[in-house]
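One-based numbering, in listed order, for ligands and for the atoms of each. Basis for what follows: all heavy atoms, side chains included, without hydrogens, waters or symmetry-related copies.
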Amino acid sequence: MKTPTMSNNWHATVLTLFPEMFPGPLGISLLGKARDKNLWRLEVRDIREHGLGKHRTVDDSPAGGGPGMVMRADVAAAAIDAVARDGRPLIYLSPRGKRLDQARVRELAAGPGAILLCGRFEGLDQRAIEARQMEEISLGDFVLAGGEIPAMALIEACVRLIPGVLGDHASTDEESFAAGLLEYPHFTRPQDFEGRTIPDVLTSGNHSEISKWRLAQAERLTRAARPDLWTLYEKKKP
Ligand code: 4GY
């Protein structure tokens with residue numbers, strides 16, 4: 001077995017007030033095994049190490065009033081500045097960011113890794129975001145209690161694209177066959193489940209008919225559920 005070099009050791013650094021949440025789901029199954037093989041590495045840093053005073057304070061009340069607390073800019077900046085960038089993007093997960101999509105995931109996965117700052121409370125002081133030129137990324141239009149679960153989701157999306165992490169399967173069909181479409185429906189045994197049977201074409205052994213059927217299904221599902229993706233897909237077609 002060959003030992004991977006540093007250049008293909010994708011490096012995630014997570015800055016969080018809750019380091020005990022990690023590796024969590026990133027430590028099991030395919031991602032956990034890939035980490036054991038040094039295909040990627042996870043470095044978790046506790047923001048509170050940069051907290052102020054005896055109580056290691058990391059937050060304060062919002063300027064202008066209002067509910068909750070805000071993560072201090074000086075504390076966040078100190079946590080960021082203690083990390084070697086190594087050419088990696090510095091990302092702040094928040095609903096205000098640009099929506100994460102598979103194109104950005106592919107870019108991030110192809111790079112050296114990412115530094116992810118996980119917000120808590122009402123969020124991070126705006127001046128830290130600007131002064132450290134953080135890239136704001138959102139997973140969607142909903143609000144979580146902290147950035148840790150979004151950070152895990154982003155890391156998982158990237159790591160599964162690193163060569164050798166998944167089996168030899170998967171990755172190819174994602175790029176070629178149905179790019180920009182939702183996935184076709186999957187079936188496996190039993191042939192009859194509560195009176196619902198597997199479509200005959202899938203058990204026909206006719207691989208060209210199977211491909212045609214799957215593409216038609218992917219198109220039908222995309223048109224119905226995601227008119228935004230369908231419009232893009234149609235524009236890209238000749
Ligand atoms: N949605 N997409 C999201 C989120 C939690 C308070 C700022 C999201 O990416 N992140 O809801 N994050 C909040 C919690 C501080 C981040």
Side-chain angles (χ1 to χ4, degrees), residues 10-27 31 40 42-52 55-83 85 88-111 113-161 182 225-226 228-229 232:
W10 198 84
H11 184 191
T13 299
V14 176
L15 307 178
T16 173
L17 288 169
F18 298 98
E20 64 272 28
M21 288 178 73
F22 293 86
L26 304 177
L31 273 76
W40 71 287
L42 176 66
E43 177 190 19
V44 182
R45 303 265 195 111
D46 189 348
I47 294 170
R48 196 169 296 279
E49 285 177 14
H50 302 275
L52 304 173
H55 299 290
R56 303 220 146 173
T57 301
V58 297
D59 59 339
D60 209 329
S61 41
M69 299 293 270
V70 176
M71 194 183 294
R72 290 178 60 116
D74 48 2
V75 172
I80 291 162
D81 294 345
V83 176
R85 283 290 282 263
R88 293 175 295 164
L90 171 62
I91 294 167
Y92 179 57
L93 285 315
S94 113
R96 284 206 315 225
K98 185 180 174 201
R99 180 73 71 87
L100 184 65
D101 58 21
Q102 195 63 15
R104 185 71 186 117
V105 169
R106 276 192 290 265
E107 287 175 0
L108 290 169
I115 303 167
L116 305 161
L117 189 133
C118 304
R120 279 276 157 175
F121 319 116
E122 302 308 310
L124 172 58
D125 187 304
Q126 182 63 25
R127 295 167 297 176
I129 298 172
E130 291 174 12
R132 294 300 177 270
Q133 298 182 62
M134 306 183 71
E135 174 183 352
E136 283 191 82
I137 293 181
S138 171
L139 295 199
D141 295 337
F142 50 83
V143 183
L144 299 170
E148 287 79 9
I149 287 173
M152 289 175 191
L154 185 148
I155 291 167
E156 179 167 312
C158 291
V159 169
R160 65 181 287 282
L161 298 184
L182 301 181
R226 292 295 301 275
D228 56 329
L229 295 182
L232 283 174

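Note that OG1 of Thr13 is 3.5 Å distant from CD of Glu43, once rounded to the nearest 0.5 Å.
Side chain of Arg48 to backbone of Arg56: a donor-acceptor contact under 3.5 angstrom is found.
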Under 3.5 Å, sequence neighbours excluded: what are the donor-acceptor pairs made by side chains of residues 72-80?
residue: Arg72; atom: NE; partner: Asp74; partner atom: OD1; Å: 2.9
residue: Arg72; atom: NE; partner: Asp74; partner atom: OD2; Å: 3.4
residue: Arg72; atom: NH2; partner: Asp74; partner atom: OD2; Å: 2.5

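The residues Arg127 and Asp125 are annotated as salt-bridged, a charged nitrogen and a carboxylate oxygen being separated by less than 4.0 angstrom.
By the side chain to side chain contact (heavy atoms under 4.5 Å, CB included) test, Thr57 is found to be paired with His55, Asp59, residues two or more places apart in sequence or in another chain being considered. With sequence neighbours left out, the salt bridge (charged side-chain N to carboxylate O under 4.0 Å, His left out) criterion links Arg96 to Glu136.
Protein residues with any heavy atom under 4.0 Å from ligand 1: Tyr92, Leu93, Ser94, Pro95, Gly119, Arg120, Phe121, Gly123, Ile137, Ser138, Leu139, Gly140, Phe142, Val143, Leu144, Ala145, Gly146, Pro150.
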